[in-house]
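So the structure is just underneath, and the comments pick up after that.
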Amino acid sequence: MVLEPFVYQKNNSYFAQVAENVEPLAERELTALGATQVNPVYRGVYFTATPEALYRIVYQTRLCTRVLAPLLHFDCHSTKYLYKTALTIPWVELFDREQTFVITATVSDSKITHSQYASLCLKDAIVDQFQEKFGGRPNVDKRNPDLVFNLHIHKNTAVISLDASGASLHRRGYRQESVEAPIQESLAASIIDLTQWDGERTLIDPMCGSGTLLCEALMRYCRIPASYLRESFGFMRMPDFEPETWQRVKAEADAQIRDLPEGLITGSDAAKLAVKAARINLGQLPYGKEVVVRTSRFQELEPISNAVIVANPPYGVRLGAQEEAAALVGELGSFLKHKCTGSTAYLYFGDRELVKKIGLKPAWKKPLSNGGLDGVLAKYEMY
Ligand SMILES: C[S@@+](CC[C@H](N)C(=O)[O-])C[C@H]1O[C@@H](n2cnc3c(N)ncnc32)[C@H](O)[C@@H]1O
C-alpha cells in the first residue's frame with residue numbers, strides 16, 4: 001500500500017470543537033497558545049499549528065472540548081461510498097489490533113442522515129481491514145478507548161479525523177464528587193474567561209455546589225494547565241508523535257504554575273455535602289486546599305465589598321421548583337444590592353426566565369449553553 005500523507009500532515013490543519021457562542025473566546029485562546037490561520041465557524045475553530053503548538057493547545061485549552069486532526073476529506077453521498085473510501089485509510093498502520101477505539105460522529109444537511117449508521121459503516125471499514133490483514137480485529141471500547149476517531153459529514157462532504165485530545169477535554173479529572181446540576185468544566189471556564197478576572201480583587205462563589213467555578217478560577221489564576229491531571233492524549237497516537245517535543249511543552253507549561261495568595265478565592269454553599277464535594281474536587285489541584293469553602297446560606301454571609309462574585313443559582317425544571325428557584329433568585333438580587341456594594345457579579349442562569357426575577361439591571365447578558373440547556377450569563381455592577 002503506497003501511503004498518502006494524511007490531510008493534517010499536508011497542511012498542519014486542525015479543528016477545535018467548542019460550545020455555541022464560545023467561538024470568539026476560543027479564537028483568542030488558540031491564538032495565544034500558538035495557533036495560526038485561526039478561523040472560527042459555528043461551534044468550532046479551524047487553525048494550523050506546528051506539532052509543538054498542537055500539544056500545547058491540547059494540554060492547555062480551557063474552552064475547547066476536542067481537537068481533531070483530519071485524516072481524509074471526501075465527497076460522500078452514500079454509506080456504501082463511505083465504507084469504500086474509509087478502506088483507503090491505512091488503519092493497520094495507525095494502530096494495533098490489541099488497541100481499542102471508538103467513533104464519534106455528526107451528520108448534517110446530507111444524503112446520509114443517520115450519524116449512528118454512518119459511524120457503523122466506518123467501524124466496519126476499520127475492522128474489515130484488520131480482519132483481512134491479520135485475521136483478527138481491534139475492539140470498540142466506549143468507556144476508555146485507546147483511540148478516538150471522528151466522522152463529520154456536512155453538506156455531503158465527509159471528514160474522518162483522529163481525535164488529538166482523546167477523551168473530551170472538559171473532563172479535567174478534578175471532579176471526584178458531584179452535586180445535583182453541576183456545570184460543565186469548559187462552560188465554567190468560559191464564564192471565568194468572560195469575567196476577565198485577573199486576581200486584583202477577591203473572587204467569591206456563594207453557591208459553589210461542587211466547586212466547578214472555583215476550580216476553573218483557581219486553574220486560571222495559578223496558570224494550571226487545563227489537562228494537568230491527565231496522562232494520556234490522542235496526539236500520542238498520531239503516527240508522527242514527537243515525545244521529546246511533548247515533554248518540553250509540558251515542562252514549560254508546568255513551570256508557569258504560581259501560588260495562590262491567601263483568601264483570593266473563596267466559596268460557600270448552603271448544603272454541607274456540596275461543600276464537602278467542593279473541598280475534595282479543589283483538593284485534586286495544586287493550591288486547591290488553600291481555597292476556603294464553608295457552609296453557609298448566602299443570606300447569612302457577612303457583607304462582601306469590592307469583589308468579583310460568580311454563581312450559578314439553582315433552577316427548577318418542575319413547576320414548584322421553578323417558583324422556589326425564582327424566589328431564591330429574588331433574594332440573591334437583594335443580597336447583592338444591599339450587602340455587596342462595589343462588587344461585580346456574574347450569574348449563570350440555567351433558565352433564562354430567571355434573569356427577570358433578580359430585580360437588578362444587567363450591564364450585559366450573554367447566551368451560553370450547558371449540556372443542551374439554554375442558559376445565560378449576566379453581569380451586574382453594584383455601586
Ligand atoms: C446549580 S447548583 C451550583 C452548581 C455548581 N456551579 C457546580 O458546578 O457544582 C446551585 C447550588 O446552590 C446551592 N444553594 C441553594 N440555596 C442556597 C442558599 N440560600 N445559599 C447558598 N447556596 C444555596 C445549592 O446547594 C447548590 O449547590
Side-chain angles (χ1 to χ4, degrees), residues 19 62 170-195 203-220 226 265-285 288 291-304 307-318 320-340 345-355 357-358 368-378:
R62 304 192 193 285
H170 81 267
R171 292 208 194 97
R172 313 282 202 233
Y174 59 68
R175 182 171 288 165
Q176 303 291 314
E177 297 286 325
S178 198
V179 292
E180 205 183 322
I183 48 174
Q184 213 195 45
E185 295 90 321
S186 32
L187 169 66
S190 303
I191 293 171
I192 299 295
D193 195 88
L194 283 164
T195 68
L203 181 138
I204 302 172
D205 181 350
M207 308 175 92
C208 70
S210 62
T212 319
L213 286 161
L214 298 175
C215 287
E216 292 298 325
L218 170 75
M219 291 180 102
R220 179 182 161 111
I265 302 177
T266 65
S268 51
D269 195 285
K272 260 192 187 152
L273 273 178
V275 171
K276 189 171 162 226
R279 286 185 186 142
I280 291 173
N281 295 340
L282 280 159
Q284 309 302 312
L285 294 166
V291 176
V292 176
V293 187
R294 47 196 194 100
T295 310
S296 171
R297 295 172 76 232
F298 66 77
Q299 295 91 328
E300 271 116 50
L301 291 175
E302 293 294 311
I304 297 170
V308 170
I309 298 168
V310 285
N312 162 219
Y315 54 91
V317 182
R318 286 170 298 106
Q322 272 175 354
E323 283 163 12
E324 236 174 74
L328 189 70
V329 164
E331 286 182 50
L332 181 62
S334 129
F335 166 76
L336 292 173
K337 190 169 169 184
H338 298 112
K339 286 174 89 178
C340 303
Y346 297 86
L347 305 181
Y348 180 73
F349 299 99
D351 172 359
R352 292 187 190 184
E353 286 300 302
L354 286 175
V355 187
K357 312 288 179 190
I358 190 127
L368 282 178
S369 52
N370 183 29
L373 283 170
D374 280 336
V376 65
L377 179 70

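We count ligands from 1, going down the list as the structure has it; atoms in each ligand are counted the same way. These figures come from a predicted structure and were not determined experimentally.
- The atoms of ligand 1 that sit less than 4.0 Å from any heavy atom of A181 are 1 (C), 4 (C).
- Of the inter-residue distances, the one linking L332 atom CG with M207 atom CE reads 5.5 Å to the nearest 0.5 angstrom.
- Just one of L285, D205, V310 meets the side-chain contact (heavy atoms from CB on, under 4.5 Å) condition when paired with L214; it is D205.
- Scanning both residues, C208 and D269, for their nearest heavy atoms gives N-OD2, 3.4 Å.
- The two residues Q299 and L328 make their nearest non-hydrogen contact at NE2-CD1, 3.9 Å.
- Regarding atom 14 (N) of ligand 1, its nearest protein heavy-atom neighbour is M207 CE, 3.9 Å.
- Considering backbone and side-chain atoms together, P314 places no N or O closer than 3.5 Å to any N or O of ligand 1.
- By the ring pair (Phe, Tyr, Trp, His ring centres under 6.0 Å) test, F298 is found to be paired with F335, residues two or more places apart in sequence or in another chain being considered.
- When each atom of ligand 1 is checked for a heavy atom of S296 under 4.0 Å away, the hits are 21 (C).
- Listed by number with element, the atoms of ligand 1 under 4.0 Å from a non-hydrogen atom of V179 are 9 (O).
- Of all atoms in ligand 1, listed by their number and element, those nearer than 4.0 Å to a heavy atom of S210 are 7 (C), 8 (O), 9 (O).
- Within the listing of ligand 1, atoms 25 (O) sit less than 4.0 angstrom from a heavy atom of A271.
- For atom 27 (O) of ligand 1, the nearest non-hydrogen atom from the set D269, L328, I183 comes from D269.
- Just one of T266, V275, N281 meets the side-chain contact (heavy atoms from CB on, under 4.5 Å) condition when paired with V293; it is V275.
- For ligand 1, the atoms closer than 4.0 angstrom to any heavy atom of P206 are 21 (C), 22 (N).
- For ligand 1, the polar-atom distance check finds no N/O of E180 at less than 3.5 Å from any of the ligand's N/O atoms.
- Listed by atom number, the atoms of ligand 1 under 4.0 Å from R297 heavy atoms are 20 (N), 21 (C).
- When only interatomic distances are considered, the shortest N/O to N/O separation between Q299 and ligand 1 falls below 3.5 Å.
- Closest to atom 5 (C) of ligand 1 among all protein heavy atoms lies C208 O, 3.5 Å.
- Closest approach of P314 and L354 over heavy atoms only: O-CD1, 3.9 Å.
- Put simply, CD1 on I358 and CG on L347 are 4.5 Å apart, with the number rounded to the nearest 0.5 Å.
- A distance of 12.0 Å separates CG of D193 from OG of S186, quoted to the nearest 0.5 Å.
- Nearest protein heavy-atom contact of atom 8 (O) of ligand 1 is T212 OG1, 2.6 Å.
- Contact detail for R172 and A189: the closest heavy-atom pair is NH2-CB, 3.6 Å.
- The nearest non-hydrogen atom to atom 2 (S) of ligand 1, considering only L214, L187, N312, N281, comes from N312.
- With respect to atom 20 (N) of ligand 1, the closest heavy atom belonging to the protein is F298 N, 3.0 Å.
- Considering backbone and side-chain atoms together, R175 places no N or O closer than 3.5 Å to any N or O of ligand 1.
- In this structure, S178 has no heavy atom closer than 4.0 Å to ligand 1.
- Closest non-hydrogen pair, L187 versus S369, comes out as CD1-O, 3.8 Å.
- The line from NZ of K357 to CD of E331 is 14.5 Å long, rounded to the nearest 0.5 Å.
- What sits closest to atom 22 (N) of ligand 1 on the protein, heavy atoms only, is A270 N, 3.2 Å.
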